[in-house]
Amino acid sequence: MMNPVTTALRPTARVLTGTMYALLGYEAAKAPGPRVGMAAPLLDSLREVAPLPVDNETAVRANGVVQAAAGTLLALGVAPRLSAVALVGSMVPTTFAGHPFWSIEDPAARGQQRTQFLKNMSLIGGLLFTALDAGQHRKEKKARAKKAA
């Protein structure tokens, strides 16, 4: 059974997590800027395996739209499981394209990118937990409703 603290913290955690994706995704969709160049090597590699129907800038903008929409839905508590899964799908290529620390020679820059890569991997882990937790929360709510009836 859920305790009141957990029940209160769940929406707070969703707002704190979702807001970042909503804001940063919106910024990427509106003005992708240097993200396009950062994504180019990964997108070019993907094109060797499968055709991508859009140019690099459109792909980066679309990724931003996914993050903005899923982040907003997560923050609002609407379809949190689906939102978290969509964000994971968006964050994996974002992380590999944006923080390829393994390809950087300068030790200081390599360290910074490694930190950002690991931070993103931690965010992905939190999103996976959110996807799993949302399902568990729904089961617990149903069990409480059934017990109360």
Side-chain angles (χ1 to χ4, degrees), residues 1-46 50 52-104 106 108-145 148:
M1 181 168 232
M2 300 291 295
N3 69 45
V5 173
T6 303
T7 302
L9 286 177
R10 184 172 271 108
T12 303
R14 281 195 304 260
V15 168
L16 291 171
T17 303
T19 301
M20 179 197 72
Y21 293 103
L23 293 174
L24 296 179
Y26 172 77
E27 288 176 6
K30 184 178 176 186
R35 294 175 192 91
V36 175
M38 293 168 63
L42 178 65
L43 292 170
D44 292 343
S45 294
L46 290 173
L52 295 179
V54 296
D55 61 277
N56 291 354
E57 183 175 334
T58 303
V60 171
R61 286 181 188 272
N63 190 52
V65 169
V66 168
Q67 288 186 5
T72 300
L73 291 173
L74 181 61
L76 295 173
V78 176
R81 202 173 194 180
L82 178 61
S83 301
V85 169
L87 287 167
V88 168
S90 172
M91 283 298 292
V92 169
T94 296
T95 300
F96 281 90
H99 306 292
F101 68 92
W102 54 89
S103 66
I104 298 173
D106 177 54
R110 182 184 188 102
Q112 289 175 337
Q113 288 303 313
R114 181 175 172 263
T115 297
Q116 293 302 313
F117 181 91
L118 293 172
K119 178 220 19 130
N120 279 13
M121 295 304 284
S122 295
L123 290 169
I124 291 168
L127 290 167
L128 290 171
F129 183 75
T130 298
L132 297 171
D133 182 61
Q136 182 63 32
H137 179 59
R138 187 170 42 230
K139 289 176 190 173
E140 291 171 358
K141 277 177 71 173
K142 286 180 182 177
R144 280 196 308 270

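Since the structure is predicted, the reported quantities are computational estimates derived from the model, not experimental observations.
Legend: residues meeting side chain to side chain contact (heavy atoms under 4.5 Å, CB included) with Ala75, ordered by chain and number and at least two apart, are Thr19. Annotation: side chain to side chain contact (heavy atoms under 4.5 Å, CB included) contacts of Pro93 (sequence neighbours excluded): Leu42. Every residue was checked against the side chain to side chain donor-acceptor pair (under 3.5 Å) condition with Ser83, not counting sequence neighbours, and none meets it.
Among all heavy-atom pairs drawn from Ala131 and Ala84, the shortest one is N-CB, 3.9 Å. Of all heavy-atom pairs between Gln113 and Gly98, the closest is OE1-O, 3.2 Å.
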Sequence neighbours excluded and cut-off under 3.5 Å, please list the side-chain donor-acceptor pairs for residues 116-129, or say none.
residue	atom	partner	partner atom	Å
Gln116	OE1	Lys119	NZ	3.4
Asn120	ND2	Thr95	OG1	3.2
Ser122	OG	Leu118	O	3.1

Show every donor-acceptor pair shorter than 3.5 Å between a side-chain atom in residues 22-41 and any protein atom, with sequence neighbours excluded, or say none if there are none.
residue	atom	partner	partner atom	Å
Arg35	NH1	Ala31	O	3.1
Arg35	NH1	Pro32	O	3.3

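A distance of 8.0 Å separates CG of Leu73 from CG of Leu82, quoted to the nearest 0.5 Å. To the nearest 0.5 Å, atom CZ of residue Arg81 and atom CG of residue Asp133 are 10.0 Å apart.
Within 6.0 Å of the CZ atom in Arg110, the count of heavy atoms belonging to other residues, nucleotides or ligands exceeds 12.
Within the structure, the side chain to side chain donor-acceptor pair (under 3.5 Å) test picks out the following pairs touching residues 52-62 (sequence neighbours left out): Arg47-Asn56, Asp55-Thr58, Glu57-Arg61.
Counting only heavy atoms from C-beta outward, the side chains of Ile104 and Arg114 never approach each other to under 4.5 Å.
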